[in-house]
Every structure is written in C-alpha cells, then in structure tokens.
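Start at 1 and go down the list; that is how both ligands and their atoms are numbered. Note that these values count all heavy atoms, side chains included, but never hydrogens, waters or copies made by symmetry.
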Amino acid sequence: MTTASTQTAPSVTTDPLALIDVDHVRFYVGNAKQAAYFYAHTFGFNISQVADLTTGSRDEADYLLTQGNIRLLLTSPLNDTHPAAEEIKLYGDGVKDVAFTVEDARAAYERAVANGAEPAQEPREIRDDRGTVTVASIKTYGRVIHTFVSRTGHYALENIKRGDAEFMPVFKKIDSPVNAYNTANPAGLMFVDHLVGNVEEGKMNYWVDWYENVLEFKMFKHFDDADISTEYSALMSKVMASGNNLIKMPINEPAEGKKKSQIQEYLEWHSMTPGVQHLALRTDDELASVAALRARGVDFLSLPDTYYEAVWDRVNKTLTDHGHEAVKEDHERIKDLGILVDADDEGYLLQLFTKPLQDRPTLFFEIISRRGSQSFGKGNFKALFEALELEQERRGNL
Ligand code: FE2
C-alpha cells in the first residue's frame, strides 16, 4: 500500500455528467415541413437548417429551428419502419428527446448506464473531414430519451450558435423568408428555462430518484415547495436540477383535487404514457414577447378579469414582506395581455401558458420572465382557481 504523497495527488477529472447546455429538443411530428412553418410564424423561430432526401437523409426529415439559444429539431419519418412512425401513431406530435451537450458523450453515457440508466442508443460517431458529432442516448420517463451530444471541430456548439456551422453532417443551412421577418420582428425568446415531465400517479418520487441517481441531479429548493396546494392544482410536482442548476426539470404526477387533474388529461391523450408536458421559454421582456406572440396568432390560456382583482395585493404584499420592490411592469398592460404574476422571497416572475400546440391536449409552451424569483408560479394555481370560482359565484352557479 502506498502512502499519500503531495506529488502524486490525483489529477482533477472532469465530471462526465457535467451538462454544458440543452443541445436541442427533438420533436417527433407528422409533417416536419409544415410544423416548421407553424413554429417559425407563430413563435418566431428561424428555420435554420434541414436534413432531408435532398441532403442525403433517406429515413427522416429534420428541420432545425433556432431562436436565441433555443434549438428545436423537428423530425418526421419518411417510411413506416422509422421508429417515429409508430410513436406518432401512439402519441401524436410531441417531444421525443431532450438532448444535452456534454464534453464527451461516450463518457456521459457510460457513467449514466453505470448509474442505472437503460440504454436507448449506443454511442455513435457522425463525422466528416470537418469534425465529429458523437451521440449516445438513454431512456427516461415514458417515450422520452436523453441524448448526450459532444461536438468537435466545425460542429462545435459555439459555431452552431453563431450560425456558422451545420448542426451535424447531412444538414444544410437554409434561409427561409420568414427568418428575415423574425429578425425585424423578434419574439425575444432566449433559452429553455425548464422542461416539465408528466408521469403516472405515484411515480413522481421514482423519477425524482432516477434523476438523482442516473443524471446526478439535485432537488431544486425554493420558497414554495411546501406551498403546493394539490386541492387547487390537482398535481404534485418536484423540481430536479443539474449540478450547475443550468437544466431544470420539474416532474408532475396527478393528484386528487377540486377538478380533474390536467396531468391525468395529458396521460389519457398520450396513450397513458409519460412525456414532456411543457417547455418554458425565457424572455427578458414578458410584455413585449407576449404582445409579439399574440400578434403572430399564438393561442394563450385565457383567465378571468377577476384574477387581476386579487393579484396585486397578493404579489406586492409578498414582495414588500421580503424587502423587494413592487412589480415594475405596467399593471394595466399586464392585465390587457393576460399575463400571470407570482412572487416569492427572492422576487417575482411573469408567465403565460399557451394552449396545446397540437390538437391533442398534450404539449404546450410557457413564456416566462424572471425578476429574482427562481420558482415556477405555484401561487397561480390557487389564484386561478379562486378567480374562476368568483366568476361562477357571480353567475349564481356556486
Ligand atoms: Fe413551467
């Protein structure tokens, strides 16, 4: 046995599961060409790149949509043997893959599998003379996978962010006319703030443990943890975060409440299979983003005017109690735009949820702006419920 020596101190090893970024979020969709136009025109994404028959992709068509640091990859199968064909039959359009950029995809995959992950795809190198993209995937809840992506040379993420590089070999850059429109009329979406999964009743803690053990995430602590009112929200939720807090993944399960759980409704329209419920996209200017998205035709959840009869007292009291300034955005404009507000000990947030993005009541987006608050707007569950109840009362139906 050797004795410890200052000269042979172990070298610092890089954590293989250190997540650098959300590399992309892949949707399986029935018609990627048309879906690309929907997300480009309604949400302001640029249609940046494509891989299809014309670029040598024989089995699937992929459209890379970009806005800020958000990369959505829309994939449609080109034949009935592609796995996406069966999944679209079962689930409709939705999220298949939340992919993470890492230093070394093979090392990340091996570590995750050693931690208990079920493999979805062994490490694979996609290369040409300009660089290499290595991908390897593990299964998470339901139909969703996490792909680890590492990039070298031309295909480095920084080059892609600048618009200088192809996403990977077989992709080609395109310039849709909508991109110029988006540049002149930005929607202001900057990055993925959080990604929420719906799992079956009684399975939330299983997946909390899974993210702790497999991806080495931690429970994300915040003010309103103890404040979840399942009576109003009909859901239970815990938030898991990567070590650097860069990636936040709340996990919901249905719960008994005053009305049918929205989580249960999701599962029923998703072949009773867990999946991604919503992507929250961050903006610095909630009012400008929501105004722009409304003008583009985005369908947002509407809430009764009664919500605004109570919101300022609730939110501004919480802020004052914790020594923060009141909400600085114009209160009347917030109401006109139908934006939701919530506060905690660290500050406040502005948020608004879209209606489902496809005919099934499954995936939707949230547009969120943070002013200090790091939580997820749980105060709005009770406030929304009470606002609706007040309207019911006024109609004499309570
Ligand atoms: Fe959210």
Side-chain angles (χ1 to χ4, degrees), residues 22 25 27 43 68 70 72 94-95 98 140-141 144 187-199 204 207-208 211 217 219-225 227-230 232-242 245-255 257 261-263 265-267 270 274-284 286 289-290 293 298-303 307 311 315 338-344 346-357 361-385:
V22 178
V25 180
F27 294 40
F43 285 97
I70 310 165
L72 305 182
V95 171
V98 178
T140 176
Y141 46 73
V144 184
L189 306 180
M190 303 186 305
F191 57 88
V192 178
D193 184 273
H194 58 276
L195 301 112
V196 180
N198 284 343
V199 303
M204 178 182 68
W207 289 106
V208 164
Y211 276 93
F217 279 27
M219 185 100 76
F220 187 67
K221 297 284 181 203
H222 53 88
F223 171 77
D224 58 3
D225 264 352
D227 210 35
I228 303 172
S229 179
T230 59
Y232 297 104
S233 64
L235 66 83
M236 298 264 284
S237 186
K238 285 184 182 171
V239 181
M240 302 307 293
S242 59
N245 278 339
L246 191 77
I247 316 287
K248 296 193 192 74
M249 299 195 65
I251 299 165
N252 295 333
E253 69 175 20
S261 175
Q262 52 167 301
I263 314 306
E265 186 196 32
Y266 175 102
L267 292 170
H270 201 252
V276 172
Q277 178 207 40
H278 73 268
L279 301 189
L281 307 176
R282 179 90 153 256
T283 170
D284 253 351
E286 184 79 9
S289 286
V290 170
L293 296 173
V298 171
D299 248 349
F300 287 103
L301 279 191
S302 55
L303 54 158
Y307 173 86
V311 71
V315 167
I339 291 165
L340 298 161
V341 194
D342 200 17
D344 60 26
E346 295 179 308
Y348 67 96
L349 61 82
L350 303 163
Q351 65 185 166
L352 190 55
F353 304 97
T354 72
K355 290 182 180 170
L357 299 165
T362 51
L363 177 72
F364 60 87
F365 283 166
E366 170 185 349
I367 310 300
I368 186 168
S369 180
R370 296 185 181 280
R371 301 280 185 252
S373 168
Q374 296 303 314
S375 55
F376 299 86
K378 294 208 180 71
N380 278 320
F381 284 120
K382 189 170 179 229
L384 274 172
F385 187 90

To the nearest 0.5 Å, what is the distance between [atom1] on [X] and [atom2] on [Y]?
X: F300; Y: L352; atom1: CZ; atom2: CG; result: 5.0 Å
X: K238; Y: N252; atom1: NZ; atom2: CG; result: 12.5 Å
X: Y211; Y: M240; atom1: OH; atom2: CE; result: 9.5 Å

Hey, which protein N/O/S atoms does the Fe ion (ligand 1) have under 2.8 Å?
H194 NE2, H278 NE2, E366 OE1
Taking all non-hydrogen atoms of both residues, which atom of D344 and which atom of S375 are closest, and how far apart?
OD2-OG, 2.6 Å
Residues in side chain to side chain donor-acceptor pair (under 3.5 Å) with S242, at least two apart?
N244
Are side-chain heavy atoms of T354 and F43 found at a separation under 4.5 Å?
yes
